[in-house]
Engineer: 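A single structure is presented below for examination.
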Amino acid sequence: MDDPFLLAGRTYRSRLIVGTGKYASFAETRKAIEASGAEIVTVAVRRVNITDPGKENLLDHLPSDRFTILPNTAGCYTVEDAVRTCRLAREAGVGTLVKLEVIGDERTLFPDVPATIEAARVLVKEGFQVLPYVTDDPIACKRLEEIGCAAVMPLAAPIGSGLGIRNPFNLRIIIEQSRVPVIVDAGVGTASHAAEALELGCDAVLMNTAIAGAKDALLMAEAMRLGVEAGRKAFRAGRIPAKLYATASSPLDGLIR
Amino acid sequence: MDFSAPRWQIFNGVRITVNDEPRELPAEATVADLVAGLALGPRRIAVEVNQAVVPRAEYEEHRLAEGDAVEIIHFVGGG
């Protein structure tokens, strides 16, 4: 495989990780995922409605031989709830990979960083492969890596905001210092944002709303796939340095007089 | 008032909550009985009793007791 993405001991072709929330149907979810080319998909852990469990379940549409299922701890505000959610997810039988989020505030959905670090410590000790959602803070990312997280997932901007990468300089520092994959998680709004993340040197990007909330989710899923591919290729190609003044592209010799 | 009817029904089962909903089960009911009775199909689930995960292998032997708080989760769409 050319330029594989290595995460928690497995290799992937795609550097786009997608969420499964906010879709109108399971069929639409599946189609959008197919269009995105993603091989890792996030899911949420929630109570079964025991009075009306429904016939179908999301995972019926996401065969485990094709997709790595990444359960999240979305909606958890405490270490205890996040750890509990991960234990339940593991027991449900989708493996040990978890997307850890410990939310600190309802309006911004910014992570509670100390609680995230504490929860990560517990989960790593219990054998989980932890992918923590964290602010774009190099020190927090360093701590999470030291604890033994399988990757760090700094946000580009608030979840679902579509604002794009607000602090590319912090991200560059995080990328430079990290020995685990850096995955931009949250805040991407359109394909150029995804491309930018990869151009900066992020290993992958994770998104949900940008695709599911687009007028044409399938078309946006494809746009994101191409954006991620373009960004990764541009990163590997090594871009020219940005300069203030022009450099001519055409030769100066042989001009007509 | 009708005094011919028995004034108390003796309840021999266990009263528990499942995802915060009250349920009555026969005495000696296990987690396996509870799950089987919910018709959840083949989906992946996990069960917690009083905030401790019950491994699948223990469903058959784990008896539910009066007042137990059971959580049953599955996976739904999320980001």
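Just so you know, these numbers come straight off a predicted model, no measurement behind them. So you know, we letter chains A, B, ... as the sequences are listed, proteins then strands, and number each from 1.
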Engineer: With chain B, which of A:T51, A:T85, A:T209 has the greatest number of heavy-atom pairs at distances under 4.5 Å?
Structural biologist: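 Looking at each of A:T51, A:T85, A:T209 in turn, A:T51 comes out on top.
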Engineer: Would you find a donor on one side and an acceptor on the other, under 3.5 Å apart, between the side chain of A:N57 and the backbone of B:R44?
Structural biologist: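 No: the side chain of A:N57 does not pair with the backbone of B:R44.
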Engineer: If you tally heavy-atom pairs under 4.5 Å against chain B, which of A:R87, A:R84, A:E101, A:K55 wins?
Structural biologist: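 Of the candidates given, the most pairs with chain B belong to A:R84.
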Engineer: Considering only heavy atoms, which portion of A:A89 lies under 4.5 Å from any heavy atom of chain B: side chain, backbone, both, or neither?
Structural biologist: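 A:A89 touches chain B through backbone and side-chain heavy atoms alike.
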Engineer: For A:L59, which atoms come within 4.5 Å of any heavy atom of chain B: side chain, backbone, both, or neither?
Structural biologist: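 Side chain only.
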Engineer: Pick out which of B:V18, B:V35, B:L40 makes a side chain to side chain contact (heavy atoms under 4.5 Å, CB included) with A:V48.
Structural biologist: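 Between A:V48 and the candidates, side chain to side chain contact (heavy atoms under 4.5 Å, CB included) is satisfied uniquely by B:L40.
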Engineer: Please report the closest heavy-atom contact between A:E91 and B:V54, naming both atoms and the distance.
Structural biologist: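 Looking at all heavy atoms of both residues, the closest pair is OE2-O, 3.8 Å.
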Engineer: Would you find more than 12 non-hydrogen atoms of other residues, nucleotides or ligands less than 6.0 Å from A:E106 atom CD?
Structural biologist: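 At most 12 heavy atoms, drawn from other residues, nucleotides or ligands, come within 6.0 Å of this atom.
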Engineer: If we check side chain to side chain contact (heavy atoms under 4.5 Å, CB included) with B:F75, which of these qualifies: A:T42, A:V45, A:N72, A:L62?
Structural biologist: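 Answer to the side chain to side chain contact (heavy atoms under 4.5 Å, CB included) test with B:F75 among A:T42, A:V45, A:N72, A:L62: A:V45.
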Engineer: Highest number of heavy-atom pairs under 4.5 Å with chain B: which of A:L88, A:T29, A:L58?
Structural biologist: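 Going by pairs under 4.5 Å, I would pick A:L88.
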Engineer: Please test B:Q51 against A:E80 for side chain to side chain contact (heavy atoms under 4.5 Å, CB included), starting from the C-alpha separation and ending with a verdict.
Structural biologist: CA-CA 10 Å; B:Q51 303 207 3; A:E80 293 71 29; over 6 Å; no
Engineer: Can you tell me which portion of B:A39 sits under 4.5 Å from chain A's heavy atoms? Options are side chain, backbone, both or neither.
Structural biologist: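 It is the backbone, since no side chain atom gets that close.
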Engineer: Should B:R43 and A:P53 count as side-chain neighbours, where that means a heavy-atom distance under 4.5 Å?
Structural biologist: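 SC-SC contact between B:R43 and A:P53 confirmed.
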Engineer: Among B:I72, B:V53, B:V76, B:D20, which residue has the highest count of heavy-atom pairs closer than 4.5 Å to chain A?
Structural biologist: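 If we count pairs closer than 4.5 Å to chain A, B:V76 comes out on top.
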Engineer: Using every non-hydrogen atom in the two residues, find where A:A92 and B:A46 come nearest and quote the distance to one decimal.
Structural biologist: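 Minimum heavy-atom separation between A:A92 and B:A46: N-CB, 3.8 Å.
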Engineer: Is the count of non-hydrogen atoms from other residues, nucleotides or ligands lying under 6.0 Å from B:E60 atom CD greater than 12?
Structural biologist: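 Counting neighbours around CD of B:E60, 12 or fewer heavy atoms of other residues, nucleotides or ligands fall under 6.0 Å, so no.
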Engineer: Sort A:K99 into side chain, backbone, both or neither according to what part of it lies under 4.5 angstrom from a heavy atom of chain B.
Structural biologist: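 The side chain, not the backbone.
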Engineer: With a 3.5 Å distance limit and no angle check, can you tell me whether B:R56 reaches the backbone of A:G93 through a side-chain donor-acceptor pair?
Structural biologist: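 Such a contact is absent between B:R56 side chain and A:G93 backbone.
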Engineer: Non-hydrogen atoms of chain A under 4.5 Å away: do they reach the side chain of B:E71, the backbone, both or neither?
Structural biologist: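 B:E71 touches chain A through side-chain heavy atoms alone.
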Engineer: Looking only at non-hydrogen atoms, find the nearest pair between B:N19 and A:I50 and report the distance.
Structural biologist: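 What the structure gives for the nearest pair is ND2-CG2, 3.9 Å.
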Engineer: In terms of heavy-atom pairs under 4.5 Å with chain B, which of A:T20, A:N208, A:V43 leads?
Structural biologist: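 Of the candidates given, the most pairs with chain B belong to A:T20.
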